[in-house]
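Written below as structure tokens is the structure these notes are about.
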Amino acid sequence: MTTFTTSGSDKKGCTTTMSIKRLRTVAALSAVAALALSACGGSGNGGGGDTGGTGAKNEFNASLTQVVNPSDKKGGTIKMAHSDDWDTLDPGETYYGYAWNFARLYGRSLLMFKPAPGKESNELVPDLAESLGVPTDGGKTWTYKIRKGVKFEDGTEVKAADVKHAVLRSTDKETFANGPAYFEAFLNLPAGYKGPYKSKGVNTDSAISTPDDYTIVFHLKNAFGGFDYLAQLTQTMPVPAAKDTGAKYRNTIVSSGPYKFANLKAGKSFELVRNDQWDQASDPNRKALPDKYEVALKVNADDIDNRVISGDIDIDVSGTGVQPASLSKVLTDPALKAQADNATLARLWYTSINPTVPPFNNIECRKAVQYGMNKVSYQTAYGGPFSGGDLATTIMPPLVPGYEKFDLYPAGPDSKGDQAKAKEALTACGQPNGFTTNMAYRSDRPREKATAEAFQQALKPIGINLTLKGYPSGDYFSQYAGNPPFVVANKIGLATNGWGADWNDGFGFLSQIVDSRVIRNTGGSSNTSVRIPEVDKMLDAALAETDTAKREKMWSPIDKRVMEEAVIYPGVYAKSLLLRPKNLSNVFISEAFNMYDYLSLGVK
Amino acid sequence: MTTPLEVEPGRGEDPEAVLQGMPKIEGRSLGQIAWMRLKRDKVAIAGFVVIVLLILMAVLAPLIVKAIGHPPNDFNQDLIDTQGGTLAPLGKFGGMSWEHPFGVEPVNGRDIMSRVIYGSRISLLIAFFATLLSVAIGTTMGIVSGFFGGWVDAFISRLMDVFLAFPLLVFAIALAGVIPDDAFGLQGDSLRIVLLIFIIGFFNWPYIGRIVRGQTISLREREFVDAARSLGARRPYILFTELLPNLIAPILVYATLLIPTNILFEAALSFLGVGVRAPTATWGGMLSDAVTFYTMPHFMLWPGLAIFITVLAFNLFGDGLRDALDPRSR
């Protein structure tokens with residue numbers, strides 16, 4: 001999620017096209033690296049299975065680990081609002097965490113993340129499939145059995161061919177340019193295959209075969225132990241070929257979930273109403289409590305906050321947290337604060353220290369930055385402990401399985417920088433009086449600007465003078481901070497950066513930012529500073545490991561090895577402040593999405 | 001009850017005696033008359049005083065800020081509510097205190113007063129030089145166009161039309177984005193300042209050019225020009241010695257009114273993020289930073305007030321100057 005806006009509004013201004021280009025090249029370089037997509041998504045999650053229990057008190061952070069207002073009462077309308085347009089409702093292309101969270105209301109993917117609060121939500125459970133995938137051929141072939149009796153809104157039964165069509169159409173990146181690109185990277189598709197619209201009648205059984213109506217088999221180019229994560233993508237939500245209208249399907253979606261579309265006004269609003277063809281008996285995850293969902297689009301972001309506070313709107317559907325304007329209002333009013341949750345995200349805001357730019361080619365000079373920077377001012381630049389996040393000392397955030405806490409460069413007792421150590425490192429580097437270098441940031445992101453200013457302030461006392469250079473975020477990685485020749489020519493010693501994975505997984509989190517093979521001279525990569533051959537080998541070894549527990553233990557050493565080279569300055573583990581809906585039941589935060597689980601909500 | 005009328009002091013005196021104490025009436029030049037009129041215009045004088053104070057503030061900014069003791073880019077994060085998480089300044093009214101009379105910025109706690117003072121340097125510098133550039137180009141083009149007429153006039157007038165039709169703001173944003181960090185032997189803030197002076201100054205000349213052209217056309221047929229011509233004066237002499245002094249008044253007035261426009265334009269460009277780069281303080285940039293914190297109005301108040309006062313002062317002075325130099329236009 002390099003492309004997440006960090007701006008005050010924290011709107012997800014994500015340019016996923018970039019990530020797809022990146023992914024494609026990565027896949028071409030080494031099929032291995034393909035898992036690590038940078039998108040704006042959270043991950044797919046499952047519906048309300050066992051969310052019962054006594055429930056939690058309405059207090060600050062109550063729904064992080066527990067269900068608030070548990071209830072089985074049906075009926076009512078849930079009102080949602082979005083400050084922007086939906087990226088797209090088409091399950092084949094949508095690529096935002098909130099959209100994946102929401103899509104489960106109108107579509108059923110093969111698997112989903114368990115709809116449960118806290119850690120449990122990272123567990124994959126079957127949805128349209130009867131069980132998790134069965135790997136054969138050492139992880140190169142994955143078989144799923146589809147539930148019988150699941151119906152589309154028009155009454156026809158969902159068959160394996162509908163899932164196959166859905167996956168194949170999503171690989172057509174000319175039609176669905178912004179969608180995730182995992183399937184075309186992993187599936188053994190015929191050479192030159194361009195999706196079912198353009199490559200009509202091409203036999204695709206080498207990639208996906210359907211031996212009978214209720215069995216679907218995926219054939220991969222290389223073994224991939226984590227394929228179940230792909231099976232939970234919205235791209236596996238069935239699409240009937242007869243009713244597929246290509247790029248226009250986003251306005252004519254055929255539902256397979258408990259709700260179907262009504263009154264869809266593109267770019268303005270839409271509603272979900274009950275789909276009478278959906279059968280509770282076929283669905284162990286969803287409760288489908290409310291009768292209706294109303295979603296308003298392009299509503300002013302500050303207005304949304306105020307209306308959520310007043311109870312006029314239930315949820316800000318984008319799930320990125322309150323606007324800066326509401327922040328102080330929420331935090332200073334005890335009643336409002338009790339109505340808020342401070343969700344942790346699997347995202348790191350960091351700064352690259354480029355060893356290609358002298359004097360940072362000397363590790364001691366890089367260490368001087370690690371010691372000298374005031375970590376608290378980094379956190380403050382990002383919005384402080386609540387809307388910014390926690391002080392980071394590692395690359396992997398605590399939410400990612402395999403995370404281990406360590407701190408190679410303690411920044412003094414108050415985390416405000418250790419000037420003595422920094423001076424020592426500078427002397428060891430042969431620059432006892434400091435030096436001058438440049439720092440890049442995305443000029444349209446106030447938080448990155450504040451970060452760059454914080455670096456400038458913190459490093460001045462030890463003699464490192466920074467000149468700040470703002471670049472537009474749209475081309476930040478392709479033209480500027482992610483373009484190695486530009487970095488060298490313009491002496492970009494430091495560059496603000498950020499990363500989050502599509503789902504909580506060590507490989508997805510690390511590989512795009514620490515694998516040196518993703519760096520391309522033409523630019524476009526989030527990794528601008530990490531070139532350690534040993535780390536590349538460690539990543540390959542970890543991916544080849546099929547045992548999940550063993551694999552998860554292999555991430556932290558990689559993290560540590562990168563930190564030893566001091567080429568990344570970890571700033572904050574991101575957090576967001578969410579307003580809990582007042583009038584809804586079954587409210588809890590899913591760690592898979594880092595926002596409220598939209599599947600289980602009901603009206604009080 | 002009747003009381004005798006008290007004679008007011010001075011009333012009963014001899015009219016001649018009153019005149020005796022007065023200075024002798026002398027002939028006065030146009031400049032003196034204008035100055036007298038201007039002096040009588042209290043509002044314009046107030047504007048002038050404010051302008052002088054502003055210029056002094058800009059010139060002496062380093063000394064003033066040294067006296068205050070808070071450099072404009074220094075963080076004071078101990079004055080910020082980082083624990084509560086609101087990042088607002090601690091204390092009432094945006095952290096206003098004797099130490100920080102205007103309060104401090106949210107997030108990083110920079111002293112707003114020093115930043116406003118330093119911001120005046122950028123605003124005034126750019127506005128003055130951009131105006132100077134516009135006036136120089138505009139006057140030359142206008143006087144040449146008006147005096148020579150014919151195809152020269154046609155060409156320059158069409159050129160003015162082209163410049164006036166230019167989408168200036170869009171062009172400014174594009175140009176400021178395209179220019180690299182090092183260009184024309186300059187870099188950093190000095191490059192941005194020169195660039196802004198060029199953009200703002202270069203595209204504003206047709207306004208003043210048109211005024212000068214119109215005035216020149218009306219002047220060139222006047223008797224004193226004819227007289228000079230018949231005495232064999234060369235064109236440059238007529239242009240710069242006969243015509244130009246008579247154009248000073250409108251040029252001066254227009255320049256004074258152009259400065260505030262340019263201050264606003266510079267603020268707009270800084271607001272849009274294409275002005276001078278962070279962390280250098282500019283009024284427009286401060287306003288832009290303040291937008292995300294609109295619940296803390298003090299942050300927006302001070303730079304906004306600074307722009308408001310500056311622009312008002314220039315406008316009032318400019319108006320007064322016009323009234324003084326050219327009372328007919330009242």
Side-chain angles (χ1 to χ4, degrees), chain A residues 7-10 302 323-333 337 340 342 374 376-377 379-388 416 438-441 443-458 460-461 466-472 475 486 489-492 575 577, chain B residues 71-90 94 104-110 115 173-174 176-183 187-192 270 272-281 285-286 288-297 299-300:
Chain A
S7 66
S9 68
D10 225 14
D302 290 312
Q323 305 300 312
S326 313
L327 190 65
S328 58
K329 192 156 65 172
V330 174
L331 288 176
T332 48
D333 181 343
K337 193 172 172 182
N342 202 192
N374 179 339
V376 177
S377 71
Q379 180 191 41
T380 308
Y382 266 94
F386 293 106
S387 83
K416 289 186 174 171
N438 297 318
M439 177 159 189
Y441 65 96
S443 52
D444 41 4
R445 299 187 174 190
R447 290 176 170 195
E448 292 201 3
K449 184 177 153 206
T451 303
E453 287 173 344
F455 264 95
Q456 197 183 37
Q457 279 296 308
K460 201 164 67 177
L466 295 183
T467 307
L468 307 187
K469 303 205 165 184
Y471 298 110
D475 294 327
F486 182 90
N490 288 276
K491 301 187 185 66
I492 307 290
K575 276 182 148 186
L577 191 70
Chain B
N73 294 338
D74 272 16
F75 283 23
N76 300 296
Q77 285 185 326
D78 47 326
L79 301 175
I80 298 295
D81 173 27
T82 46
Q83 286 313 305
T86 62
L87 304 186
L90 295 167
V104 293
E105 289 187 349
V107 178
N108 46 32
R110 293 184 293 205
R115 289 182 73 74
I173 292 171
V178 164
I179 296 285
D181 292 307
D182 301 81
Q187 58 168 310
D189 279 358
S190 42
L191 173 69
R192 309 300 292 187
S270 294
L272 294 170
V274 295
V276 178
R277 286 186 169 167
T280 308
M286 289 178 78
S288 154
D289 286 347
V291 167
T292 38
F293 296 97
Y294 69 82
T295 46
M296 303 171 205
F299 193 7
M300 198 176 277

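Chain letters run A, B, ... following the sequence lines, proteins first and then strands; every chain starts at 1.
- Atom CG in B/Asp74 sits 5.0 Å away from atom CD in A/Gln457 (nearest 0.5 Å).
- To the nearest 0.5 Å, the span separating CD on A/Gln456 from CZ on B/Phe75 amounts to 8.0 Å.
- Contact annotation for A/Thr467: neither backbone nor side-chain heavy atoms come within less than 4.5 Å of a heavy atom of chain B.
- Evaluated for a side chain to side chain contact (heavy atoms under 4.5 Å, CB included) with A/Glu453, the options B/Asn108, B/Asn73, B/Val107 yield exactly one hit, B/Asn108.
- For A/Lys337, the NZ atom counts as densely surrounded, since its 6.0 Å shell holds more than 12 non-hydrogen atoms of other residues, nucleotides or ligands.
- Of the atoms belonging to A/Ala454, heavy atoms from both backbone and side chain fall under 4.5 Å from chain B.
- Contact of A/Ser443 with chain B is not made at all, since no heavy-atom distance falls under 4.5 Å.
- Neither the backbone nor the side chain of A/Lys329 comes within contact range of chain B; no heavy atom of the residue lies under 4.5 Å from a heavy atom of that chain.
- Among A/Leu331, A/Leu577, A/Thr380, the residue with the largest count of heavy-atom pairs under 4.5 Å with chain B is A/Thr380.
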